[in-house]
Amino acid sequence: SLNSGAVLKKKKTRRKASPRKAAMREADRLWSLLVRGRDGGRCQWPGCPNAGNNAHHAFSRRHLGVRWCVDVGVTLCWAHHFHTAHGEPELFRDFLIKRWGEDKFDTLKALAYLPQKVDVGMVLIGLKQLV
């Protein structure tokens, strides 16, 4: 019997991630470690003295061709990640071009926008070798 109108709630169960989703999550984690390690754990925004705890993708993660390419990552503090990288995209684009050079920026951008199928298992193997 129910006491004073209490509603029985169905317990939420978390569905196990598919093997591909689990591999993608692990590849994202390793990619982040590699980017932050390469940048010495410091925010790469010019003149920023803060520690960097956010590995930012220069191109959206939906672009699988470069999603796990360490070259498209940059370590930022929370403020520069949130307010600059996501809030001021033109300013951030200029930062990337100055950091990488226009040729490298254009090459990575072209790779990002090519439709590509990615073997996440192979990506994961490669990232594990780099860590």
Q) Rounded to the nearest 0.5 Å, how far apart are OG of Ser60 and OH of Tyr113? A) 7.5 Å
Q.
I'd like to know whether the aromatic ring centres of Phe59 and Phe105 sit less than 6.0 Å apart in this structure.
A. yes
(Q) Hydrophobic clustering (ILVMFWY, side-chain heavy atoms < 4.5 Å, transitive) - are Leu96 and Leu111 grouped together? (A) yes
Q | Interatomic spacing from CZ in Arg20 to CG in Asp119 - rounded to 0.5 Å | A | 8.5 Å
Q: Using a strict cut-off of less than 4.0 Å between a Lys/Arg side-chain nitrogen and an Asp/Glu carboxylate oxygen, indicate whether Asp28 and Lys21 qualify as a salt bridge.
A: no
Q) Passes side-chain contact (heavy atoms from CB on, under 4.5 Å), Glu102 versus Asp106? Steps please. A) CA-CA 6 Å; Glu102 200 157 349; Asp106 290 342; 3.8 Å; yes
**Q.** Test item: Gln44 side-chain N/O and Asp39 main-chain N/O as donor-acceptor pair under 3.5 Å
**A.** yes
Q) Which distance, rounded to the nearest 0.5 Å, do you find between the CZ of Arg61 and the CH2 of Trp31? A) 9.0 Å
Q.
Can you give me the closest heavy-atom contact between His63 and Ala112, atom names plus distance?
A. ND1-O, 3.0 Å
Q) Which atoms form the tightest heavy-atom contact between Val118 and Val123, and what is the distance? A) CG1-CG2, 3.6 Å
(Q) Rounded at 0.5 Å granularity, tell me how far CG in Leu33 sits from CG in Leu130. (A) 12.0 Å
(Q) Please tell me whether Leu127 and Val72 are part of a single hydrophobic cluster in this structure, the criterion being side-chain heavy atoms less than 4.5 Å apart. (A) no
**Q.** Any Ile97 side-chain heavy atom under 4.5 Å of Arg93 side chain
**A.** yes
Q: For residues Arg36 and Gly52, report the shortest heavy-atom separation together with the two atoms involved.
A: CD-O, 4.2 Å
Q.
Show the nearest heavy-atom pair for residues Thr75 and Asn53, with the distance to one decimal.
A. CG2-N, 4.4 Å
Q. Shared ILVMFWY cluster between Trp68 and Val66, side chains joined below 4.5 angstrom?
A. no
(Q) So does Leu34 get a backbone contact from the side chain of Arg38, meaning a donor-acceptor N/O pair under 3.5 Å? (A) no
Q. Under a 4.5 Å side-chain heavy-atom rule over Ile, Leu, Val, Met, Phe, Trp and Tyr, are Val131 and Val35 clustered together?
A. yes
(Q) Please report the interatomic distance CG(Asn50) to CH2(Trp45), rounded to the nearest 0.5 Å. (A) 13.5 Å
Q. Do His86 and His56 have ring centroids that are under 6.0 Å from one another?
A. yes
Q.
I need the minimum non-hydrogen distance between Cys77 and Cys43, along with the two atoms involved.
A. N-SG, 3.3 Å
Q: Over 60° means perpendicular and under 30° means parallel, so classify the ring planes of Phe82 and Trp78, tilted if in between.
A: parallel
**Q.** Worked check of side-chain contact (heavy atoms from CB on, under 4.5 Å) between Val120 and Met24
**A.** CA-CA 6 Å; Val120 181; Met24 290 174 76; 3.8 Å; yes
Q | Heavy-atom side-chain contact between Phe95 and Pro46 under 4.5 Å | A | yes
Q | Shortest non-hydrogen separation from Gly65 to Gln116 and the atoms involved | A | CA-OE1, 3.0 Å
Q. With distance as the sole test, does His57 use its side chain to make a donor-acceptor pair with the main-chain N or O of Arg67 at under 3.5 Å?
A. yes
Q. How many angstroms lie between atom CG of Leu124 and atom NZ of Lys128, to the nearest 0.5 angstrom?
A. 4.5 Å
**Q.** Non-hydrogen side-chain atoms of Phe92 and Val74 separated by less than 4.5 Å
**A.** yes
